[in-house]
Amino acid sequence: MGFFSKIKKFWDVDQRLDKAVEEYKTERGMPEETPAGEATVKAPPAQAKPVPPAVAAPTAPKPADVGAPSAKVPPKAEAWQNDLLLSLRKAEPRLSIWLSIVLEGVDKAGPQLWERLLFLFKALEAPEAEAKDFVERFRKWLDDMEYVRVPEFRSELQFRLALALELEDEEDERNRLLLKLSEGLEKTKEQISKRIEGLMASHSKIDESFWEELEEILIMADVGFEPSMKLIERLRDRVRKAGTDDPARFKEFLREELETIFKAPKRITAINPPEVVMMIGVNGVGKTTTIAKLAYRAQMQGRRVLIAAGDTFRAAAIEQLEIWAKRVGAGFYSKGAGADPAAVAFEAVDKAVSEGYDLLLLDTAGRLHTKINLMEELKKIQRVCGKKHPGSPHRSILVVDATTGQNALQQAKLFGEAVGVDEIILTKLDGTAKGGIVVAIALEHALPITFVGLGEKMEDLRPFNGKDFAQALLGT
Ligand SMILES: Nc1nc2c(ncn2[C@@H]2O[C@H](COP(=O)(O)OP(=O)(O)OP(=O)(O)O)[C@@H](O)[C@H]2O)c(=O)[nH]1
C-alpha cells in the first residue's frame, strides 16, 4: 500500500491516457506538434480491448488551489504538462523522467513546485485530498529542514515519491540505490575489492598461498577471524566443486557465496495492528535517526506511525526523538526523563491500540550493554507489551553501527542472547572501511539485515539486498 489510497498506474500502457491527452489538447487548442516541434507522438493503434470510460484529462490546478499568485499559467508553461502526460503514457514508470519534467524551470520550493506536484498526482488520479496532504507534508518537511533549492531536496523528493507511488523497486530507483550503495561502500571497496583484484592478479592459480593472503584481506576488512575462516572454508568448497583453480574466476565465486550468505530468511508473523517494533542498541549507533527514517518510510507508505520515547535515561534523547517525530509527521508519546521505561511502553501500546495506529516504534534505552540491568529492563518491556497487546512486540530490531566493526558483532551476540533479536539494521555503512562486518554478522547470526544506513538524510536508510550489496562491494 502506498501513501495514496488509489492511483491509476497508467504505466500499464492504457489507452485511457491517450484519449485524455487528445481531449486535453483539443480543449486547449494545443498544436498537434509537441513543444519541441516534432510531430506528435501518435498513440499506439487502439487494441481490440474495449476502451474504458474516458479519464478527464487533468487540468493544472488553479493557482489559487496551491496559494500561488493568481497569474494565468502562460501557454508555454503547458508544454511541461503535455510532456508529463506523454511520459506517463509510456509503458514503464520512470520516476526520474517525471521528476525532471515536473522540475523543469523550477529552481526552488514554492507555489510553482506545489502546482506541478499536484498536476502529477491528478494525472495519476490520486485522490485530491491525499495529493494535497502529500504536498503539505513535503512543504512542512522542507521548512523544518530549511531546504529551499531544488538540489537540496530533489533526491529526497524522488525517494518520497518512490515510496508513495510504490515505485521503490522501479529500475531508476534500483539504479540510484546501487549507486548510493557503491558510493557508501567506497571505503570498504578499497579495503576488500581492490585488494582481492590484486590477489587475483598476483597468483597464477588458487593455491594455499592464495587462501592465506585472502584470509589476511578479510581480517583487515573487519570480517573478523572466525567469520573469515568460515567464509574461506565455504569458498574452498565452492572452488573445488567448480573444478578449477583459475584466479580469474574468484570474484564470481565470492559474489555467489556472499549472495548465498545474505539470503537469511525474514521472519513473517501474522500481525493484528498496531505492529509493535522494539528498537534496541547502544548509545550513539544511530538509533534515533533510524527510528525517524523508519517512521518516514512507513508514513510515505500510508501507515500511521506512533513513536514512543522508551529511552528515559536522558531528557535530550526524548527531545531529539520528539523533534524527529514532528518532522516526519508521526505521533509521539513520552512520560519524560526518569520515567519507568516499561510504563512508557505499556501506555504507548495502549495509545497505539486505542487511537488506531498501524505501527508503534518503541525506542529503548541505549546504555552500554555491559550493564546487566539494561537487559532485565528490555525483557520487562517485552513482557509488558505482550500483556497489553498479545503477540507484541512483533519485532525487535537491533541497530548497530558498522564503523564499530567487531564490536557490532559482540552487540548482536549479547542482545540476541539476552532479549532475542529478529532483525539487524546496520548504520553508518557510508562512513566506514569496515563494511566487512556485514559479512561477519550474516555469517555468525542467521539474523536478516533488513536495512542499511548510508547517511544522515531520510532517504539514507535503504532496504538491504544481499545481491546488490555483493555487486556494489565487488563491482560488476
Ligand atoms: N553518516 C551517517 N551518519 C549517521 C547514520 N545514522 C545516524 N547517523 C548519525 O549518527 C549520529 C548519532 O545518531 P543518533 O540517531 O542520535 O544515535 P543514537 O543511537 O540515537 O544516539 P543516542 O541518542 O546517544 O542514543 C547522528 O549525528 C546521526 O546523524 C548513517 O547511516 N550514516
Side-chain angles (χ1 to χ4, degrees), residues 141 144-147 155-156 159 176-177 179-188 277-297 307-328 330 332 334 336-339 341 344 361-371 374 377-378 381 396-405 407-408 410-412 414-415 421 423-435 437-438 441 449-464 468-469 472:
W141 164 261
D144 283 339
M145 300 305 283
E146 292 171 10
Y147 292 155
S155 192
E156 292 272 326
F159 180 57
R176 254 166 40 107
L177 170 60
L179 181 66
K180 204 171 218 6
L181 205 47
S182 307
E183 283 162 359
L185 288 172
E186 207 43 56
K187 292 182 183 149
T188 299
V277 175
M278 211 169 134
M279 302 298 297
I280 48 184
V282 301
N283 284 106
V285 296
K287 193 154 40 78
T288 306
T289 320
T290 300
I291 289 171
K293 291 172 177 176
L294 286 173
Y296 176 91
R297 282 181 68 83
I307 294 175
D311 180 357
T312 60
F313 198 58
R314 293 174 309 131
I318 296 174
E319 279 144 33
Q320 193 198 5
L321 203 55
E322 182 163 20
I323 291 168
W324 276 117
K326 279 210 180 75
R327 278 185 179 166
V328 298
F332 181 71
S334 92
V344 175
L361 293 171
L362 180 57
D363 187 18
T364 61
R367 286 194 302 282
L368 276 179
H369 57 274
T370 44
K371 295 214 174 74
L374 170 59
E377 189 175 283
L378 294 176
I381 289 171
S396 294
I397 298 183
L398 174 65
V399 182
V400 291
D401 174 348
T403 60
T404 60
N407 202 353
Q410 268 312 313
Q411 289 161 24
L414 219 138
F415 279 102
V421 169
E423 296 171 28
I424 287 181
I425 291 183
L426 204 58
T427 63
K428 309 185 194 177
L429 208 50
D430 52 302
T432 178
K434 298 181 172 180
I437 189 64
V438 182
I441 286 179
I449 297 169
T450 47
F451 287 95
V452 287
L454 294 166
E456 300 192 290
K457 296 177 96 176
M458 285 299 106
E459 67 158 323
D460 292 332
L461 182 78
R462 290 308 181 101
F464 178 76
D468 288 351
F469 182 84

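Excluded from the calculations below are hydrogen atoms, water molecules and symmetry mates; all remaining heavy atoms, backbone and side chain alike, are included. Both counts, for ligands and for their atoms, begin at 1 and track the order of listing.
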Can you pull out the closest protein heavy atom to atom 25 (O) of ligand 1? Residue, atom name and distance to 0.1 Å, please. N283 ND2, 3.0 Å

Where is the nearest protein heavy atom to atom 21 (O) of ligand 1: which residue, which atom, and how far? G284 N, 2.9 Å

Would L429 count as being in polar contact with ligand 1, using the rule that some N or O on each side must be under 3.5 angstrom apart? no

Taking 4.0 angstrom as the limit and counting only heavy atoms of Q320, give me the atoms of ligand 1 inside it, by number and element. 16 (O), 23 (O)

Which residue and non-hydrogen atom of the protein lie closest to atom 11 (C) of ligand 1, and at what distance in Å? K428 NZ, 4.3 Å

Measure across T312 and P341 and return the closest heavy-atom pair with its distance rounded to 0.1 Å. OG1-CG, 3.7 Å

Taking only non-hydrogen atoms of L454 and a 4.0 Å limit, the atoms of ligand 1 in range are 31 (O)

Are any of the N/O atoms in D430 less than 3.5 Å from those in ligand 1? yes

Polar proximity ligand 1 side, D311 side, N/O cut 3.5 Å exclusive: no

Identity and separation of the nearest protein heavy atom to atom 18 (P) of ligand 1: K287 N, 3.5 Å

Output, in order, the C-alpha distance, side-chain angles, deciding distance and verdict of salt bridge (Lys or Arg N to Asp or Glu O under 4.0 Å) for K180 and D430. CA-CA 9 Å; K180 204 171 218 6; D430 52 302; over 6 Å; no

State the atoms of ligand 1, each with its element, that fall below the 4.0 Å cut-off from a heavy-atom position in E456. 2 (C), 3 (N), 4 (C), 9 (C), 26 (C), 27 (O), 28 (C), 29 (O)

Could a heavy atom of D460 be found less than 4.0 Å from some atom of ligand 1? no

Given T364, which of V344, I381, D311 fulfils the side-chain contact (heavy atoms from CB on, under 4.5 Å) condition? I381

Using side chain to side chain contact (heavy atoms under 4.5 Å, CB included), reason through R462 and R176 one step at a time and then give a plain yes or no. CA-CA 11 Å; R462 290 308 181 101; R176 254 166 40 107; 3.8 Å; yes

Pair V285, V400 - check side chain to side chain contact (heavy atoms under 4.5 Å, CB included), show working. CA-CA 6 Å; V285 296; V400 291; 5.5 Å; no

Here the atoms of ligand 1 under 4.0 Å from any heavy atom belonging to R314 are 22 (P), 23 (O), 24 (O), 25 (O)

Numbering as shown, the atoms of ligand 1 that approach G453 to under 4.0 Å (heavy-atom distance): 31 (O)

Proximity of T288 to ligand 1 by residue part, where a heavy atom lies under 4.0 Å: both

Quiz question: by atom type and distance under 3.5 Å, do the side chains of S155 and E459 form a donor-acceptor pair? yes

Closest to atom 13 (O) of ligand 1 among V399, V285, T289 (heavy-atom distance): T289

Keeping the roles fixed (side chain from E322, backbone from F332), state whether a donor-acceptor pair exists under 3.5 Å. no

Below 30° counts as parallel, above 60° as perpendicular, anything between as tilted: where do the rings of Y147 and W141 land? perpendicular

Exactly one of I425, V399, T427 clears side-chain contact (heavy atoms from CB on, under 4.5 Å) with F451, and that residue is I425

Proximity flag A317 to ligand 1, non-hydrogen atoms under 4.0 Å: no

Decide whether the shortest distance between a heavy atom of G366 and an atom of ligand 1 is less than 4.0 Å. no

Which residue pairs satisfy the salt bridge (charged side-chain N to carboxylate O under 4.0 Å, His left out) criterion with at least one member in residues 279-294, sequence neighbours excluded? K287-D363

With the side chain counted from C-beta on, respond yes when L378 and F415 share a heavy-atom pair under 4.5 Å apart, and no when they do not. yes

